[in-house]
Protein chains: 2
Amino acid sequence: MNKKKTPEGTISRLFAYLREVKKLSELGIKTISSSEIGDRLNLSDVQVRKDLGCFGSFGISGAGYDTGELSKSLEKILGKDKQWNICIVGIGRLGSALMMYSGFKKDGLYIAAAFDANPKKIGKVVESIEIESIDNLSKSIQEKKISIAIITTPSEQAQTVADSLVKAGIECIMNFAPVRLNVPDDIKVENVDLSHVLEILTYFASN
Amino acid sequence: MNKKKTPEGTISRLFAYLREVKKLSELGIKTISSSEIGDRLNLSDVQVRKDLGCFGSFGISGAGYDTGELSKSLEKILGKDKQWNICIVGIGRLGSALMMYSGFKKDGLYIAAAFDANPKKIGKVVESIEIESIDNLSKSIQEKKISIAIITTPSEQAQTVADSLVKAGIECIMNFAPVRLNVPDDIKVENVDLSHVLEILTYFASN
DNA sequence: TAGATTGTTAATCGATTAACAATC
DNA sequence: TAGATTGTTAATCGATTAACAATC
């Protein structure tokens, strides 16, 4: 096995590099050094080179990186050349706010389906997406080639929903419900517990 | 200086311990061991003892921890015995969803003010909070003893808002705008970039 | 060639895990 | 006393940082 798994921090930073380098490329700046990239993102030059080094060597000694080429390489590595279909499960306040949030599109993220268990909500249209019954979950996820799901249900339903999502073939879950989801190892879950983030801030406020 | 700064991971876990131990205490269970706490949260017993050890010794050798006492100690350490007033700046879709989100209250987090720059929104009432002009920011934050701010403005305004917040005496910021805020070292910023979290998931989806 | 900057190996740092003496 | 479990010191692990030879 040549799997020397890339740290998650590296992946997160690579997206930042891509954004920065692409911006420069579009501005007509042809090359940039690792230390300049680092300066713009408050990171060290070594950090930048190390992160890139996980995926190959993209630079030229003495000259730096070609912004256009590096952008293209990173886009490929990070899957930014593809479109990603997302579904949202649980169309309450947070769920509908996310449906209406327009910031995703520019990142190649498309909300392709929305599900709810409440019959009163089913059939309603939000941002040109019709809310479907949760019974459609599996069928719709497969038909629409959805690979990422956002869970914005109440805590009590989150695990059940997660189970259905896994069965439907979802690979990644962004979970807003404040519960630790039990899923197979190969499913990637990112928890976004807003209350918990605020709690941690209160600790710093109280010193 | 006896400052052996506590890792942020420890703080995060302490909130989880508190929730768990308090639940048990309310169920009438008097004592619990570090390994039982760990089992419930998928952590090792050592992790639990180490984390608690940052703030003192709360257990009894051979017996474990008194759930009632440990709850009380943790509540004090974490500032959970206090109420925290929060303001939201930028009452767009995400901002108003957060205003309406009812999940914060049970954690002692109170949304006490909301600000927006758009005259059309000022004066409107959401969840019994009147949206104020951003010109009121400083005055209102001081009067209402607000110590945490949530930024849900467009990216372009986020830094300006952050500057005003810092000037107004805010200690912590939860930032949803996808920009790195420039603030003094003693201000704690927690970035919640939803697109970025999804991006990272897409990487795992593409393997 | 001289200067700049890369890619990589070695050193450092911090956090997690293991080991164990102390103690109820 | 024997068993259980704590609190803490030492070992391990992974990620960040420093050092530097290779190279354009």
Which atom pairs, one a donor and one an acceptor, fall under 3.5 Å between side chains of residues 178-190 of chain B and the rest of the protein, sequence neighbours left out?
from, atom 1, to, atom 2, distance (Å)
B/R180, NH1, A/N42, OD1, 2.9
B/R180, NH2, A/N42, OD1, 2.7
B/K188, NZ, B/E8, OE1, 2.7

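Sorted by first then second residue, the side-chain hydrogen bond (donor to acceptor under 3.5 Å, both in side chains) pairs that include residues 47-64 of chain A, not counting sequence neighbours, are A/T10-A/D51, A/R13-A/Q47, A/R13-A/D51, A/Y17-A/D51, A/S34-A/R49, A/D45-A/R49. Sorted by first and then second residue, the pairs that involve residues 167-179 of chain B and meet side-chain hydrogen bond (donor to acceptor under 3.5 Å, both in side chains), not counting sequence neighbours, are B/N175-B/N191.
Between the CG atom of B/N42 and the P atom of C/dT17 there is a distance of 12 Å, rounded to whole Å. In this structure, A/D51 atom CG and D/dT17 atom P are separated by 10 Å, rounded to whole Å. The distance from atom CG of B/L41 to atom C1' of C/dT16 is 16 Å, rounded to the nearest whole Å. The separation between A/Q47 atom CD and D/dA18 atom P is 11 Å, rounded to whole Å.
One N or O on the side chain of B/S71 and one on the backbone of B/T67 form a donor-acceptor pair closer than 3.5 Å. Distance alone, capped at 3.5 Å, is enough to place a donor-acceptor pair between the A/K80 side chain and the A/D107 backbone. Between the side chain of A/S206 and the backbone N or O of A/Y203 there is at least one donor-acceptor pair closer than 3.5 Å.
Considering B/I150, B/L165, B/T152 as possible partners of B/V89, the one that fulfils the side-chain contact (heavy atoms from CB on, under 4.5 Å) test is B/L165.
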* **Per-nucleotide protein contact string for nucleotides 1-11 of chain C, where B marks a base within reach and S marks sugar-phosphate only (heavy atoms under 4.0 Å, - for neither)** => ---BBBBBB--
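Recorded end-axis angle for the helix from C/dG3-D/dC24 to C/dC24-D/dG3 stands at 0°, based on five pairs per end and rounded to 10 degrees.
Distances shorter than 4.0 Å separate none of the side-chain N or O atoms of A/R13 from OP1 or OP2 on D/dA15.
Residues satisfying the salt bridge (charged side-chain N to carboxylate O under 4.0 Å, His left out) test with B/K72, not counting sequence neighbours, are none.
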